[in-house]
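First up is the structure itself, then whatever we jot down about it.
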Amino acid sequence: MTEQSGTRQPGASNPFLRARPKDAAADPTGAPGAFPQVRMRRNRSSAWSRRLVAENRLSVDDFIWPVFVQEDAGTTAVESMPGVLRYGLDRLVDAIGPAFEAGIPAVELFPYLSADVKTPDCREAVNPDNLVCRAARAVKAAFPDLGIVTDVALDPFNSDGHDGLLKDGKILNDESLELLAEQALVQARAGSDIVAPSDMMDGRVGVIRRALDEAGLAEAQILSYSAKYASAFYSPFREAVGSGGFLAGDKKTYQMDPANSDEALREVALDLGEGADMVMVKPGLPYLDIVRRVKETFAVPTFVYQVSGEYAMMKAAAANGWLDNDRIILESLLAFKRAGADAILTYAAPEAAALLKAGA
Ligand code: PBG
């Protein structure tokens with residue numbers, strides 16, 4: 001009987017579901033057998049055995065560390081993200097040094113901009129000397145072998161806090177594309193290795209790919225935030241980049257509805273067709289099902305973003321003594337690997353790297 005016949009018994013081809021306790025041990029199809037011949041606890045009984053049978057492993061090679069930069073010298077703590085700082089350019093290289101030394105492959109740079117450079121036409125986004133470009137140049141000069149990722153979206157530069165241009169209460173798609181392509185260009189020229197469109201405008205990956213190629217930047221990679229949901233988990237980030245207070249309305253006309261899953265596959269298919277090198281699912285832990293479906297459907301580099309709200313929840317609970325900080329960080333990150341993620345953007349990258357090194 002074939003999968004398509006429609007008359008198939010549920011689970012007929014699955015030996016686990018077909019197994020009956022009395023004949024299971026003898027089942028030649030590989031059914032799991034039954035107690036007492038089978039004892040699942042045997043493999044778990046010692047640390048060395050658990051290590052041998054572990055199916056997934058977290059490594060420093062999996063991490064991208066998102067880093068906030070600010071115009072002002074020095075650092076500023078991000079209140080809703082305990083342990084996270086915004087760095088002035090005088091401090092950025094020193095802050096990234098230990099992460100690079102620890103083996104973290106890449107950082108993603110996010111700018112915090114003051115109100116006076118935010119405009120409705122977002123012109124600062126395409127200024128080759130804007131904060132994120134200066135930061136990329138400084139980091140590339142200091143660490144040529146560290147990957148640099150930059151976010152392509154207008155929100156930090158937009159006086160209304162949106163990722164695209166806003167006119168008469170609507171986010172303009174095609175008009176935003178030109179700016180996004182130009183923004184990707186100035187970032188790549190400044191030393192960004194991977195441009196990461198997070199804006200969710202239709203067609204942006206293709207427009208950015210063409211712009212890069214025409215500018216002789218065919219080697220610049222594109223990490224598309226393909227399945228990015230209109231999520232309540234981004235609030236601490238909006239404090240960190242100072243866009244939250246400016247945001248008029250919500251992002252539901254361009255970011256995805258949390259109710260949807262098939263739609264994520266369509267987004268990913270389109271982005272791959274337009275030239276994305278890697279795709280991303282965001283947020284992370286509440287969307288593990290999407291990570292799994294994307295990885296299984298497309299078998300392409302699939303990244304996941306453990307976003308600011310996820311980080312804030314863990315840190316708040318740990319600060320109260322309700323969760324064990326180190327264990328919860330590592331368990332949450334391992335869950336991404338189990339779901340099929342190839343790389344993870346996480347604010348906890350430096351501490352996770354240190355924990356892994358210490359053998360946690
Ligand atoms: C902006 C952007 C956001 C995040 C990354 N890029 C916020 C948003 O879409 O409003 C969220 C990251 C986080 O919450 O950690 N386009």
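Each ligand, and each atom within it, is numbered from 1 in the order the structure gives. Side chains are part of it too, since the values below use all heavy atoms of this structure and drop only hydrogens, waters and symmetry mates.
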Tell me the protein heavy atom at minimum distance from atom 5 (C) of ligand 1, and give that distance in Å.
K282 NZ, 2.6 Å
Measure the distance from atom 12 (C) of ligand 1 to every protein heavy atom, then report the residue, atom name and distance (to 0.1 Å) of the closest one.
F237 CD1, 3.3 Å
Evaluate side chain to side chain contact (heavy atoms under 4.5 Å, CB included) for V84 paired with Y311, printing each intermediate quantity in order.
CA-CA 10 Å; V84 171; Y311 177 86; 3.6 Å; yes
Determine, using ring centers only, whether Y347 and F68 are less than 6.0 Å apart.
yes
Any nitrogen or oxygen of Y225, main chain or side chain, under 3.5 Å from a nitrogen or oxygen of ligand 1?
no
Determine, using heavy atoms of Y311 and all atoms of ligand 1, whether some pair is separated by less than 4.0 Å.
no
Is there a chain of hydrophobic side chains (I, L, V, M, F, W, Y, each step under 4.5 Å between heavy atoms) that links V186 to I148?
no
Run the numbers for me: atoms of ligand 1, each under 4.0 Å from some heavy atom of Y305, listed by number.
12 (C), 15 (O)
Shortest protein contact, atom 1 (C) of ligand 1 (heavy atom only)
D155 OD2, 2.8 Å
For atom 15 (O) of ligand 1, what is the nearest protein heavy atom, given as residue, atom name and distance?
Y347 OH, 2.6 Å
Other ILVMFWY residues reachable from L52 by side-chain steps of under 4.5 Å
W48
Between Y225 and D151: side-chain donor-acceptor atoms closer than 3.5 Å
yes
Ligand 1 contact on A153 by region, counting heavy-atom pairs under 4.0 Å:
side chain
Quick one: look at V307 and ligand 1, take heavy-atom pairs under 4.0 Å, and tell me if it's side chain, backbone, both or neither.
both
Run the contact test for D151 against ligand 1 with a 4.0 Å cut-off on heavy atoms, strictly below, and give the result.
yes
Can you find a pair of side-chain heavy atoms, one from I171 and one from L166, that are under 4.5 Å apart?
yes
Run the side-chain donor-acceptor check on residues 277-291: report pairs under 3.5 Å with partners two or more places apart or on a different chain.
| from | atom 1 | to | atom 2 | distance (Å) |
| --- | --- | --- | --- | --- |
| D277 | OD2 | I222 | N | 2.7 |

for atom 8 (C) of ligand 1, nearest protein heavy atom and its distance come out as K251 NZ, 3.3 Å
Among all protein non-hydrogen atoms, which one is nearest to atom 14 (O) of ligand 1, and what is the separation to 0.1 Å?
S308 OG, 2.7 Å
Atom 2 (C) of ligand 1: closest protein heavy atom, distance to 0.1 Å, is K228 NZ, 3.3 Å
Contact check, side chains of K228 and D163, non-hydrogen atoms, under 4.5 Å
yes
Would you call the rings of F110 and F237 parallel, tilted or perpendicular if under 30° counts as parallel and over 60° as perpendicular?
perpendicular
